[in-house]
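Just dropping this structure here.
Residue numbers begin at 1 in each chain, while the letters A, B, ... track the order of the sequences.
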Number of protein chains: 2
Amino acid sequence: MATIKDIAELANVSVSTVSKALNDSPEIGSQTSAKIKAIARELGYVPNSAAVALKRSATHHIGIIVPEISSEFFSKLVQAIETSASKRGFKSVLCFSKESFMTESQIIQNFCNGSVDGIIISMSKQTQQLRDYKHILSLMDHGIPVVMVDRTCDSIECEKVCINDFGASEHAVEHLIATGCKRPAFISTIPKTNVGKERKKGYRSAIQQKLYENNAKGLVLELNGYRNFEKELDSFIQQNAIDGILAANELAAIKAMNIIKKKGLQIPEDVSVIGFTDGQLSQHSSPSLTSISQNANTMGAIALKRLLLQITRDVPRPNNHIQTVVKHKLILRESTKAIH
Amino acid sequence: MATIKDIAELANVSVSTVSKALNDSPEIGSQTSAKIKAIARELGYVPNSAAVALKRSATHHIGIIVPEISSEFFSKLVQAIETSASKRGFKSVLCFSKESFMTESQIIQNFCNGSVDGIIISMSKQTQQLRDYKHILSLMDHGIPVVMVDRTCDSIECEKVCINDFGASEHAVEHLIATGCKRPAFISTIPKTNVGKERKKGYRSAIQQKLYENNAKGLVLELNGYRNFEKELDSFIQQNAIDGILAANELAAIKAMNIIKKKGLQIPEDVSVIGFTDGQLSQHSSPSLTSISQNANTMGAIALKRLLLQITRDVPRPNNHIQTVVKHKLILRESTKAIH
DNA sequence: CTGTTAGCGCGTTCAG
DNA sequence: CTGAACGCGCTAACAG
């Protein structure tokens, strides 16, 4: 690895001259500058990032912490963040919490060493369940800007980017009702997350407004994962004479559709289904799945933009409690009936 | 951000004493050491990564370059690499080439600044098409270890991790033939990649051995993307009386199934289908898709292990042309018939 | 226009 | 057992 020093020796000038020449300082004469640049190119010189980072106390790296990327929402989100980041000269350090509080804490502790200029995080299930945000606060105490995406929480004052999960859920349920569903249900395998909770609330709000006069809680099936999914869902559908399903996540919706088909019921005639996230699974299932799109790309781009705003202007924490709400979209496909 | 200097002042010792104490040097007395550590904890001290990197000329970061992560193979691969890396104290910098040679080159040029200790790459389509590997060679010239995964090439002498795509393809076609297919076809939307080519060769080899005596080229449909996919595939199936399909990638297989169903044909009775990659799409489609699993998790873990071997022992390039072949797996599901 | 010098934060000889 | 001093590679005063 050629250094500035090597160039200086070859060019018979001092290191500072080289530094200035390479940074196009007006102080340096054009022929000297040209000569230096030629030598630099010759040697394949690239400024050492650690040295620059040390000097500027800024790394041009951001940290991304997500639970995982096997669900398409997160993989899209990550890709959107990285794409925006690289456009602006920032590199992305990607970490997975695997839905574990401990792992998330360790990752964050690690990020306190100044290896990133800021962090975008979507919290783990366990963190949201424990409601323990010490690690995130500690990060902010270290002066590292944080933007929370999708899996956010109210009790921390930092920037947030999310959709209106409550409203999106209402929207979906209203559509089920409008297409003739009398007994729409809500199923979820993410009951412990803020988004899971909001989506459930939205479901209840919609059925209370549009379907029941009383304070009915509706038909809700919540599970932690997919262990007994088939058995539970099967009896749930049977016992409650379900004719519509809103699933809080894509995979649950897809699995539900397969179980419904297996029972010999028709989708959407007997049971209509709507999912969240709108990924490839939704597009390519049969019947294709009506979905709420969370616009992961937009969320990612905005999250990055907000983060860089905090990083570049060194206002430590002005109006930090800004929350950007990205519009959702209901994408109609074959798994729901048409409105007459 | 507390530094070693701050601690030194508070403890009334020199910075070097602090450094030694924090690194558990036997030179430092136990009570001094304890006191220093207490203060460090108090201040929330974390060693500055840029300074350490500069000192050690090693960042404990690796670079991961993949085309994208919307296909499940790459998202699994990335997750596997990161998981192994973090276990060993390495952070992962993730970049997307978006199948573009230019983007890939720029990313790599950027990585020559010493911001990573090594790189794992799966090349872009365009790079494989142009066969221009200057950027990768330049990386190696800079002394940065490189491991290529899945999308590899023969003409570079670096470590490689892949599956036997040729053999896997043969395996799949043999299964189609064994379950009664007389006219199995091969479809691909990745004709320009090495894996796409190998899979096609494997297909041809199998049909020549098992089906035709002569050197028939078989029934091959290659497209660059999904623009006219439906139209092309439709007439391809019609004209050639296809009764089996091996698709070189998961999405093509799924799309093919949907088109076949739309034509009113039965899967697997009229047309059997096998795909590559075995992701969630394969598991949850109806009928579920028989697939070749590339064991992305294994590939990722091995790639990282091999890379770290090169990084830690500073043998620059000993037996660098090692190629690790990971075993594939044929996962039988509903889209193929049973063997009688 | 160019060179000298200091210092970013840390680890590491080498003296004491 | 502890401290002073150097240098990793770079930028930015400050001199000349």
Side-chain angles (χ1 to χ4, degrees), chain A residues 1-37 39-40 43-61 110-117 142-144 314, chain B residues 1-37 39-40 43-61 110-117 142-144 314:
Chain A
M1 291 255 311
T3 74
I4 228 173
K5 207 171 162 187
D6 302 330
I7 301 174
E9 281 170 10
L10 280 173
N12 279 319
V13 294
S14 74
V15 287
S16 68
T17 306
V18 176
S19 172
K20 285 169 189 166
L22 294 178
N23 292 312
D24 288 317
S25 159
E27 290 183 22
I28 305 298
S30 53
Q31 59 264 34
T32 329
S33 182
K35 181 175 141 199
I36 289 173
K37 285 184 181 175
I39 297 178
L43 295 181
Y45 169 78
V46 194
N48 180 286
S49 71
V52 175
L54 181 58
K55 187 67 193 169
R56 300 216 184 285
S57 60
T59 60
H60 267 60
H61 283 217
N110 231 296
F111 272 139
C112 289
N113 65 0
S115 59
V116 292
D117 298 341
H142 276 267
I144 300 175
D314 36 8
Chain B
M1 293 257 310
T3 73
I4 229 175
K5 207 171 162 187
D6 303 329
I7 301 173
E9 282 170 9
L10 280 174
N12 278 319
V13 293
S14 76
V15 288
S16 68
T17 306
V18 176
S19 172
K20 285 170 189 166
L22 294 177
N23 291 311
D24 291 315
S25 161
E27 289 184 23
I28 306 298
S30 53
Q31 59 264 34
T32 329
S33 181
K35 181 174 144 199
I36 289 172
K37 285 185 180 174
I39 297 178
L43 295 180
Y45 169 78
V46 193
N48 179 286
S49 71
V52 175
L54 182 57
K55 189 67 193 167
R56 301 217 181 283
S57 60
T59 59
H60 267 61
H61 282 218
N110 232 296
F111 273 140
C112 288
N113 66 1
S115 58
V116 292
D117 298 341
H142 277 266
I144 301 176
D314 36 7

OP1, OP2 of dT5(C) versus side-chain N and O of Ser16(A): anything below 4.0 Å?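 Answer no for this pair, as no side-chain N or O of Ser16(A) is under 4.0 Å from OP1 or OP2.
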Just to be sure I understand the rule, does Ser57(B) reach a base, reach only the sugar-phosphate, or reach nothing, if contact means heavy atoms closer than 4.0 Å?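 Result for Ser57(B) = nothing.
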Here's a test for you: under side-chain contact (heavy atoms from CB on, under 4.5 Å), which of Ile28(A), Val13(A), Thr32(A), Ile36(A) qualifies with Lys20(A)?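 That would be Ile28(A).
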Would you mind reading off the distance between Glu27(A) atom CD and dG3(C) atom P, rounded to a whole angstrom?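 The distance from CD of Glu27(A) to P of dG3(C) comes to 12 Å, rounded to the nearest Å.
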Donor on one side chain, acceptor on other, Ser14(A) and Thr17(A), under 3.5 Å: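 There is such a pair (donor and acceptor under 3.5 Å, judged by atom type) between the side chains of Ser14(A) and Thr17(A).
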So which one's nearest nucleotide on DNA chain C is more toward 5', Ile4(B) or Ile28(A)?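 Upstream on the strand: Ile28(A).
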So, for Gly114(B) and Thr59(B), which heavy atoms are closest and what is the spacing to 0.1 Å?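 Residues Gly114(B) and Thr59(B), closest heavy atoms: O-CG2, 3.2 Å.
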Would you say the side-chain atoms of Asn23(A) and Ser25(A) include a donor-acceptor pair closer than 3.5 Å?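 There is no such pair between these side chains.
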Nearest non-hydrogen partners of His61(A) and Ser115(A), listed with the distance: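 Looking at all heavy atoms of both residues, the closest pair is CB-O, 3.6 Å.
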Write down the atom of Pro47(A), the atom of Val52(A), and the distance for their closest heavy-atom approach.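 Scanning both residues, the minimum pair turns out to be CB-CG2, 4.3 Å.
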Rounded to the nearest angstrom, tell me the gap between atom CD1 in Ile36(A) and atom P in dC1(C).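 Answer to the nearest Å: 13 Å.
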Would you grab the first and last nucleotide of DNA chain D (5' to 3') that comes under 4.0 Å of any non-hydrogen atom in chain B?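 First-to-last contact on DNA chain D, by the 4.0 Å heavy-atom rule, is dC1(D) to dG9(D).
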Interatomic distance, His142(A) NE2 vs dG9(C) C1' [rounded to whole Å]: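 Rounded to the whole Å, the gap is 16 Å.
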Can you tell me how far P of dG11(C) sits from NZ of Lys5(B), to the nearest Å?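 Those two atoms, NZ and P, are 15 Å apart.
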d(NZ, Lys55(A); P, dC10(C)) in whole Å: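 Computing the Lys55(A):NZ to dC10(C):P distance gives 15 Å.
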Give one of base, sugar-phosphate or nothing for Leu54(B), where a contact means two heavy atoms less than 4.0 Å apart.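 Here Leu54(B) touches the bases of the nucleic acid.
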Tell me whether the side-chain N or O atoms of Lys20(A) pair up with the base of dG3(C) as donor and acceptor below 3.5 Å, since no angle test is needed here.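 Yes.
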Rounded to the nearest Å, what distance is computed from the CZ atom of residue Arg56(A) to the C1' atom of nucleotide dG9(C)?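 One finds 17 Å between C1' of dG9(C) and CZ of Arg56(A), rounded.
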Is there a side-chain contact between Lys37(B) and Leu22(B) (heavy atoms, below 4.5 Å)?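 A side-chain contact exists here, since the closest heavy-atom pair is under 4.5 Å.
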Mind checking if Val15(B) touches a base, just sugar-phosphate, or nothing, with heavy atoms under 4.0 Å?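 Contact class for Val15(B): none.
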